[in-house]
Each structure stands twice: as C-alpha cells, then as structure tokens.
Amino acid sequence: MKAIRRFTVRTVLPDSIAPLARLAGNLRWSWHQPTRELFNDLDPQIWAQSGHDPVRALGMVSRQTLERISSDPDLVGRIRSLDEGLERYLTEPRWYQSLGEDAPRSIAYFSPEYGISAVLPQYSGGLGILAGDHLKSASDLGVPLIGVGLLYQAGYFKQSLSRDGWQQETYPVLDPNGLPLTLLREEDGTPARISLPLPNGRHLMAQIWRADVGRVPLLLLDADVRGNDDAARGITDRLYGGGGDHRLQQELLLGMGGVKALRVFERLTGAPAPEVFHTNEGHAGFLGVERIRELMDTGMHWEEALTAARASTIFTTHTPVPAGIDRFDVGEVRHFLNAGLAQSVPTNKVLSLGAEDYEGGDPNVFNMAVMGLRLAQRANGVAKLHGQVSRAMFSGLWPGFDVSEIPITSVTNGVHVPTWVDPELTRLAQEEFGVGTVHDRDWTRAYEVSDERLWDLRRRLRSNLIDDVRRRVRAAWRKRGTPDASLGWTDDVLDPDILTIGFARRVPTYKRLTLMLRDPARLKALLLHPDHPVQLVVAGKSHPADEQGKRMIQDLVQFTDDPEVRHRIVFLPNYDIAMARTLFPGCDVWLNNPIRPLEASGTSGMKSAINGGLNLSVMDGWWDEMYDGENGWAIPSANPRDGIHTRELYTADQRDDIEAAALYDLLENTVAPLFYGQEPSSDAGSAGPSEAPADALPHEWLEMVKHTLAELGPKVSANRMLRDYVNNLYRPACQSGRAAAADQYRAAKDLAAWILRVRDAWGGVAVEHVDSIGISDAPQIGDRLTVQAYVNLGSLKPSDVVVEAAYGKVSEADNLSDHQLLELSVAEDLGSGRYLYSGEMHIELAGPFGYTVRVLPNHPGLASKAELGLVANA
C-alpha cells in the first residue's frame with residue numbers, strides 16, 4: 001500500500017541539547033568537520049544511514065538515544081561549544097568588514113542551481129557547484145551576499161545503469177520539510193508568497209524557502225503551492241526539465257520572481273536592500289527587467305531606469321559556445337510579457353534587450369546571454385582564456401571594436417577549500433603546523449612535510465576511495481540485475497598501490513568522456529602494464545535529452561564490464577557531491593580532455609589539486625593559465641592555436657586520434673613511470689609496483705605534489721575568487737550604483753539623457769582626414785610623430801567624446817597588434833562642429849609600424865569606452 005502524501009516529523013530536543021537544531025539547520029556543517037564529527041559521534045549507525053544528513057539523522061534518533069545524549073556531559077559540552085563557535089562565526093567581523101564604507105552593504109547573487117551539499121540536491125554540475133562554493137566562501141570572508149534560486153521538487157535526476165549500460169533517470173520527489181530549509185512566513189504565520197501574472201488570466205505563485213549557508217541566506221522559490229493550477233505547480237518540478245515554454249517560465253520566476261522574493265525578505269527581516277546584483281549565467285537575466293519595472297513605477301522612463309539598473313549589475317557568462325545559451329522564440333517571450341509581467345515596461349523594449357540584431361544573429365530568437373550583457377554594466381568570463389573566448393563570441397554587440405576591447409573581463413573560478421579538502425590532509429596540517437595551515441593559511445609549508453608522511457597520506461586517501469568504489473560498484477551491479485553470488489570479484493576492484501586516475505564531470509560531447517577509448521587495445525595495455533599499471537575511476541551524468549552523451553557513457557561502461565580489465569577501470573553511476581568527497585582526494589591524477597577552448601573553466605581538477613592530486617589536462621579553462629610545468633602535465637592539441645583561433649589542420653576524427661595518442665604516450669612514458677619512481681620508458685621485466693623496496697619512494701612525484709599544494713593551492717581557492725569579485729567587480733558596481741541613485745537618481749537621469757543625445761547624433765561623427773607631421777623618409781626608433789586629425793562631431797561637443805590615435809606593430813593586412821593609445825587634444829575649433837585634434841607619439845619599435853585615429857563617446861558614468869558600442873574609425 002502506498003501513501004498518497006509524505007511529510008517529515010521533526011524531533012523535539014531536550015533543552016540541554018537544543019542547539020543541535022541550529023547546528024543541523026545551518027549548512028555550515030557541510031564544510032565544518034568538527035560539526036560533522038559531532039553528528040557522527042551521536043550515533044555512527046544513524047549518521048551513516050542518514051547519508052550524513054544532520055536534519056535526517058535527528059529525525060531518526062530515538063527518544064532513548066536523545067535522553068542518553070542529553071545526560072552525557074561530554075556530548076552536551078561539545079554541543080554547546082560548537083553552538084558558541086557557530087554564533088561567533090555568524091556575528092564576528094571577518095575580512096570583508098575591514099574594507100570600509102565603499103563596500104556594498106548587500107549583494108544579491110542569482111543562479112539557477114546551487115551545489116552546497118548532497119542532502120540539498122539542487123545542482124547538475126559545475127555551474128551549481130561553483131555557485132555553492134561562491135556562497136560558502138562569501139560566508140567565510142563575511143561578504144554580505146544573499147543567494148536567490150529555485151527549489152526544484154525533484155532536483156536533478158538520479159542516475160543508474162541498465163543491464164546493457166544505458167543511463168536511466170529517476171526523479172525522487174523531495175520533501176522540503178525534511179531538508180535544512182525554513183519557510184519564510186508573514187508576521188501572522190502564513191507563508192510569504194510572490195506572484196507573477198501569466199497569459200490567459202492565470203497566475204504563478206511561489207513560496208520562499210530559506211537555507212542558511214553559514215552567514216549567507218539562500219532564498220529558493222517553490223511553485224508547488226496551493227492556489228496554483230497543475231501547470232503552474234509544475235514549473236519548479238525539475239532542474240533544466242521540460243521544453244522551451246517550461247524553461248522560459250522557470251527563468252521568469254527566477255529573475256523577476258527572485259527580485260520580488262528579495263523585497264519580501266527585506267520587509268520581513270529588515271535586511272538591507274542589495275546594492276549590487278550579480279547574475280550568474282543568463283538564466284536569471286529577467287531580474288534586470290523587474291528592477292527596471294520597479295524604477296519605472298516611481299516615474300522614471302525606460303532609458304533612465306535601464307541606466308540606473310545597469311550601473312549596479314554584474315553578468316557572469318559560463319558558456320564558451322553559442323549552442324550552450326538559452327534562446328527562446330521571440331513570439332513566445334512576447335506572449336508571456338504581454339500578460340502583464342513587466343507591467344509598466346514596454347514589451348518591445350524588453351524584447352530589444354535579447355535581440356540578436358547583429359551580423360549573423362537570428363531575428364526570431366530572444367537570447368538570454370545577450371540580454372544579460374545589455375542589462376549589466378560589468379561582465380566577466382570565468383577564466384582568462386574564457387574571457388578571450390567570450391569577447392570573441394559576443395563581439396557582434398560591439399561592432400567596430402577589436403575583440404581585445406570588448407568590455408568582458410574575467411575572474412577565474414575557484415573552489416571552497418574546506419568543503420573539498422579531505423579531513424586527513426587537515427589532520428596532517430594540524431599535527432605538523434597548527435590548525436589548517438596547509439590549506440588555509442601558509443600553503444608554502446607543504447614543502448616541510450616529509451616524503452614518507454606525504455606518501456603514506458596519499459596511500460590512505462587512495463585506500464579510502466577504493467573502499468567507497470567497491471561499495472558503489474557492488475550496488476551498481478545489483479541494480480543492473482546481477483545476483484550477489486556473482487559479485488565476489490568486486491572485493492578486488494582497484495588496488496591501493498596502483499596509480500589512480502580520475503575523470504568525473506557532466507558528459508556533453510565536447511568533454512570527450514570516451515577519448516580514453518580511442519584505442520581500446522592501448523588503453524587495456526596501460527591498465528595491465530606489468531611494470532607501471534594505471535587504474536581509472538570514471539563518473540558523470542549526461543543530460544536526459546542528450547542521446548549522444550548517453551551513448552558515450554554506454555560505450556565506456558561496456559568497456560569497463562570486460563572481465564579482463566574491470567578490476568582496473570570502473571564507471572560509478574550517480575556522480576554527486578557525496579561521491580566527490582572521496583573521489584577527488586583519492587585520485588593521484590585528474591584527467592581532463594575537452595576540445596579546446598570549449599571548457600569555460602572547469603573546477604574538478606582544482607579540487608584534486610588542493611588534495612595533492614596532479615592534473616593531466618588539455619590546455620583549456622583554468623589550466624591554460626595555471627599550468628607551470630611542475631604541477632602536472634599538458635596534453636598537446638593537434639590543431640595549433642593562435643590565442644583562441646584554431647588553424648584546422650585536421651578533421652575532428654584525426655584530432656581525436658592524435659590527442660588520444662598523446663594522452664597514451666604521456667601516461668605510459670612519463671606519468672606512470674614517475675609515480676613508481678622509475679626512469680621514463682623503463683624496460684619491461686623490471687620489478688612491478690608491489691615488489692619495489694619499501695623505502696623506494698617516488699621523490700620527484702612527491703616534489704610535484706608539494707609544489708601543487710604550495711603554489712597552485714592558493715590560486716584555485718574560492719577565497720581568492722571572492723576577493724577578486726569584491727575588489728574588481730562588486731565594489732566598482734556599488735560605487736556606480738550609488739552614484740546613479742544619488743539625489744533621487746539625478747545622475748542616472750542625466751546619463752540617460754546624454755546617452756540618448758549621443759546615440760541620436762552619432763551618425764554625424766566622422767574622422768574626415770588625418771595628417772602626420774615630423775616623420776622622415778627613413779624613420780628610426782626614438783623619432784617623434786605628430787598626428788593631426790580633422791574630426792566632425794556634428795551636434796556633439798568635444799567634452800562628449802575622446803579622440804584617440806592607436807599605434808604600434810602592423811601586419812601585412814594592416815592590422816595593429818600590441819598597440820598603444822594616445823589621446824589627442826583639441827588644437828583648433830574649425831567651426832560648424834569640426835575640430836582639429838593633435839597629439840605627439842614616440843616611435844619605440846622597429847619594423848612595420850602603423851597608426852589610426854578613432855572617436856569614442858566619453859562620460860564619467862561609463863564603465864568602459866566600448867560600453868555603448870559606438871565608435872567612429874578613420
């Protein structure tokens with residue numbers, strides 16, 4: 001008999017241990033090891049059965065156990081001490097509180113998914129994990145962030161395998177009352193709600209759940225509420241589920257509904273209104289439309305409200321390919337907007353934000369990333385290379401500018417170290433140097449750890465992983481229909497003394513899950529090598545609609561099913577945070593082989609690195625800027641690249657063949673011998689790994705591990721990432737936003753009027769003629785060149801523009817490279833809007849030299865010269 005409804009009954013705790021409720025309810029426990037150890041010690045069996053979920057564990061504890069805990073003075077003392085520590089953590093000043101008054105009082109962070117803990121499955125992959133780490137580091141640093149997202153009734157899918165290795169998806173429904181969430185309520189106790197109008201007189205209502213991520217509140221909107229019709233209740237059913245109409249409604253709720261939820265939160269809690277809005281990917285782009293609506297309801301017109309909202313908005317793109325961007329049919333978006341979603345905001349103005357009205361664009365689609373860029377005064381990619389890729393991908397929005405000048409910067413992703421570093425490494429740091437030294441304070445002290453102790457640590461981490469792998473492999477085979485009597489071989493899966501390589505991530509085709517299978521015989525030889533074998537642990541989910549990704553998983557699973565190699569290579573279904581916590585520390589090498597430059601950043605290799613793992617990766621994402629030759633290995637690319645541009649010398653198949661061969665070569669001739677302390681390309685017949693002398697440590701390998709911990713560790717930390725966001729984006733956006741809002745938005749209104757005037761007049765701006773004076777027939781380094789430009793500004797004034805000479809090396813096609821800029825000054829007013837501009841440049845380079853002149857808009861309210869996309873080139 002099946003129940004028609006389920007709910008969670010929460011435990012009533014005795015007064016002496018009442019703080020357990022707060023310790024369980026604040027997700028800081030997900031990265032605070034002492035709190036996790038406390039819940040384990042209360043009842044280890046229940047802790048394991050609960051899936052390491054404190055809320056669930058407390059719900060499973062019997063009254064007798066609670067009485068035992070409450071009468072144990074040592075446990076009561078630990079509970080009180082940890083509660084006092086949590087209170088200090090939540091209230092005492094941290095790094096951010098030292099920054100002064102120019103730092104934002106509050107920052108709103110919008111993301112469609114958050115990977116905080118396996119017990120709150122609201123994530124699918126890297127975007128969500130990054131968002132979760134962003135919130136956690138914001139909490140650790142005291143950054144006053146408020147997260148905004150959706151609460152999906154089934155989260156992302158759970159993955160299993162069929163008998164023939166095909167991915168299968170299930171969607172267990174979550175009970176929010178059994179999660180570390182509290183429902184936001186009005187003063188009379190009723191659930192607080194927001195509402196959005198839908199077509200045909202319908203409404204989409206949502207209640208607001210709050211998760212506490214340390215100091216950071218995370219607001220999650222839930223449409224499964226009484227009063228919504230069945231279709232509306234299903235809007236928040238699954239992460240990235242449904243078709244275009246469904247997805248569009250999710251994104252309208254996330255963006256517009258998210259701003260409404262913030263306003264409710266401010267009203268009920270007294271929290272300060274956010275001064276900066278950070279849009280993490282285009283899914284939340286409609287937040288800007290709601291902010292414009294708020295401003296227009298105060299009497300501002302469209303351009304004024306747009307200018308004011310843009311000033312304090314940041315847009316982060318994670319997508320390196322146009323196909324990865326959400327694009328909706330224009331008619332579909334118009335249909336929803338006309339229902340009154342934007343109220344006072346003209347529908348055509350909103351549609352213009354997402355219009356692909358540039359060369360190569362599709363006039364029939366509404367592009368969410370394009371809208372995100374047009375609604376934000378500041379934008380960034382998530383790695384230096386990805387910044388270059390993004391500038392090229394979106395260059396159509398800024399015609400007339402060099403790709404390098406497109407106003408998209410970069411902040412390289414990082415990972416939340418306390419979440420992802422293994423407790424074994426923390427213990428080593430505590431014993432050797434003091435609490436958390438290696439991964440929290442002075443990373444360079446990793447060099448002081450003895451080779452013997454580090455090697456022993458790495459073997460323990462590998463053994464922990466292997467224990468977990470064997471349990472998961474047995475469970476996976478049982479689900480595929482194999483009886484226990486046929487699973488004895490799983491007791492010997494993997495070997496704690498063999499080089500262990502990890503590969504785990506989402507499975508779109510560009511990440512090339514099956515590149516390792518390009519030559520199955522060669523892979524098998526690597527796995528079974530008599531002197532330096534390797535073993536592989538692989539995991540990953542393919543989007544339910546991605547048949548090609550599922551086929552890649554099936555191909556790999558069928559290879560791992562081979563009795564000859566199944567003890568050396570495994571595929572683990574249902575990759576999630578819980579699996580990752582042993583997988584990253586336990587792997588010696590982390591493999592990453594996407595098609596360059598299609599990896600925006602990637603953070604899985606960072607999580608390996610902070611545990612002493614070495615990276616073996618294509619030069620893509622974060623690895624392109626942080627590989628130094630001593631922290632791992634670079635897989636060479638077949639098709640050479642000049643920056644982000646590829647010279648396609650080979651077809652896709654040829655490229656994969658060449659890069660797979662390079663991967664095999666690196667593993668066989670460099671990586672594996674180094675791990676076993678052997679000379680590269682050692683002759684067959686030498687002692688295998690199990691026969692090596694006990695003291696024959698791979699000192700060169702261990703030196704690379706120490707170098708990785710000491711030098712790479714700080715660079716991949718999310719604390720470094722958050723500081724970059726605060727200093728390079730949040731504080732400037734706050735200053736712009738405050739300036740725009742001053743004196744009842746006088747500056748924003750003046751800037752909007754100026755922008756309209758400049759746009760209307762720009763067609764009359766031209767560089768009519770350019771002269772050069774002082775250059776000889778045989779110019780030499782050190783010569784001075786005076787540039788004179790005759791410029792027609794039409795109805796504009798010199799104060800409205802800046803006139804620049806760009807000069808430097810020039811190619812045979814007359815393209816400038818490594819150019820410098822010289823601002824020219826008005827030398828003479830020629831009348832009728834014409835001016836003579838002049839300036840002197842120094843020739844400091846030998847070889848082909850060239851220059852040009854251009855005119856750009858100039859206003860102190862602009863964040864960059866390219867912001868308006870206007871330029872008049874000579």
Side-chain angles (χ1 to χ4, degrees), residues 5-8 10 25 27 53 55-56 108-117 119-124 128 131-132 135 146-157 171-186 188-198 202-213 216-242 245-269 280 283-284 286-287 290 341:
R5 188 181 175 203
R6 62 178 294 172
F7 53 86
T8 301
R10 298 206 175 186
L27 283 157
D53 177 351
V55 172
R56 188 177 173 203
Y109 181 87
F110 283 64
S111 179
E113 53 175 303
Y114 290 91
I116 297 164
S117 165
V119 309
L120 192 62
Q122 303 290 306
Y123 59 95
S124 69
L135 267 56
I146 302 175
V148 181
L150 301 180
L151 181 68
Y152 304 97
Q153 297 152 33
Y156 204 48
F157 68 90
Y171 294 88
V173 176
L174 303 170
D175 175 11
N177 292 292
L179 300 174
L181 302 171
T182 55
L183 191 60
L184 203 62
R185 295 182 181 275
E186 299 287 352
D188 62 2
T190 59
R193 289 185 174 182
I194 62 94
S195 179
L196 296 177
L198 295 178
R202 297 169 58 235
H203 282 80
L204 173 60
M205 291 181 288
Q207 58 191 4
I208 307 160
W209 294 90
R210 171 178 176 168
D212 287 302
V213 187
V216 173
L218 170 60
L219 308 180
L220 300 172
L221 279 72
D222 171 18
D224 186 21
V225 297
R226 188 174 299 174
N228 278 339
D229 59 33
D230 288 344
R233 292 185 80 147
I235 293 303
T236 53
D237 57 352
R238 300 174 182 176
L239 175 58
Y240 302 141
D245 179 272
H246 187 86
R247 186 79 163 262
L248 175 59
Q249 291 178 81
Q250 284 189 340
E251 298 188 5
L252 288 165
L253 179 60
L254 173 60
M256 303 186 75
V259 175
K260 290 178 181 290
L262 277 173
R263 304 311 183 205
V264 173
F265 180 74
E266 293 161 23
R267 173 173 57 81
L268 294 177
T269 66
N280 190 42
H283 310 286
F286 285 110
L287 76 87
E290 176 64 15
L341 272 168

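Computed from a prediction, not measured in an experiment: that's the story for all the values here.
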Interatomic spacing from CG in Asp53 to CG in Leu179 - rounded to 0.5 Å | 7.5 Å

Can Leu204 and Asn228 be said to form a side chain to side chain contact (heavy atoms under 4.5 Å, CB included), step by step?
-> CA-CA 6 Å; Leu204 173 60; Asn228 278 339; 4.1 Å; yes

Would you sort out whether Leu196 and Leu341 count as a side chain to side chain contact (heavy atoms under 4.5 Å, CB included), showing the intermediate values?
-> CA-CA 6 Å; Leu196 296 177; Leu341 272 168; 3.7 Å; yes

Taking all non-hydrogen atoms of both residues into account, name the closest pair between Arg210 and Pro217 and its distance.
-> NE-CB, 3.8 Å

Only one of Met205, Lys260, Glu186 forms a side-chain contact (heavy atoms from CB on, under 4.5 Å) with Arg193, so which one is it?
-> Met205

Which heavy-atom pair separates Gly147 from Val216 by the least distance, and what is that distance?
-> N-CG1, 4.2 Å

Is the shortest heavy-atom distance from the side chain of Phe265 to the side chain of Ile208 under 4.5 Å?
-> no

Any Leu151 side-chain heavy atom under 4.5 Å of Gln207 side chain = no

Answer whether the closest heavy-atom distance between the side chains of Tyr152 and Pro112 falls below 4.5 Å.
-> yes

Taking atom CD of Gln249 and atom CG of Leu198, what is their separation to the nearest 0.5 Å?
-> 5.5 Å

Checking side chain to side chain contact (heavy atoms under 4.5 Å, CB included) for the pair Thr236/Leu221: CA distance, chi angles, key distance, verdict?
-> CA-CA 8 Å; Thr236 53; Leu221 279 72; 5.8 Å; no

Listed partners of Arg263 passing side-chain contact (heavy atoms from CB on, under 4.5 Å), at least two apart = Val259, Glu266, Ala273, Pro274, Phe277, Glu294

Taken to the nearest 0.5 Å, the spacing of Thr269 OG1 from Ile146 CD1 works out to 7.0 Å

Step-by-step side chain to side chain contact (heavy atoms under 4.5 Å, CB included) determination, Val119 to Arg56 | CA-CA 9 Å; Val119 309; Arg56 188 177 173 203; over 6 Å; no

Taking all atoms of both residues into account, what is the closest heavy-atom pair of Asn280 and Ala131, and its distance?
-> ND2-CB, 4.0 Å

Taking every heavy atom of Leu239 against every heavy atom of Ser124, the minimum-distance pair comes out as CD2-N, 3.5 Å

Sub-4.5 Å side-chain heavy-atom contact between Leu252 and Glu290 = no

Starting at CG of Leu248, measure out to CG of Leu253 and round the result to the nearest 0.5 Å.
-> 11.0 Å

Do Phe286 and Phe110 touch side chain to side chain, with heavy atoms closer than 4.5 Å?
-> no

Do the ring planes of Tyr240 and Tyr156 sit parallel (below 30°), tilted (30 to 60°) or perpendicular (above 60°)?
-> perpendicular

Answer yes or no: are there more than 12 heavy-atom neighbours, outside Asp230 itself, under 6.0 Å from its atom CG?
-> no

Could you grab the distance from atom CD of Glu251 to atom CE of Met256, nearest 0.5 Å is fine?
-> 13.0 Å

Below 4.5 Å, heavy atoms only, C-beta onward: do Leu181 and Leu120 meet side chain to side chain?
-> yes

Might you point out which heavy atoms bring Leu219 and Ala261 nearest each other, and give the distance in Å?
-> CD1-O, 4.1 Å

Indicate yes or no for a side-chain donor-acceptor contact from Tyr123 to the backbone of Ser117 under 3.5 Å, with no hydrogens or angles considered.
-> no

Side chains of Leu174 and Gln153: does their closest heavy-atom pair fall under 4.5 Å?
-> no

For Leu27 and Pro180, the nearest pair of non-hydrogen atoms, with its separation, is CD2-CG, 3.7 Å

When you measure from the centre of the six-membered ring of Tyr171, is the NZ or CZ of Arg238 under 6.0 Å away and within 45° of the axis?
-> yes

CD of Gln250 to NE2 of His283: how many Å apart, nearest 0.5 Å?
-> 10.0 Å

Could you check if a side-chain atom of Asn177 sits within less than 4.5 angstrom of a side-chain atom of Leu183, using non-hydrogen atoms only?
-> no

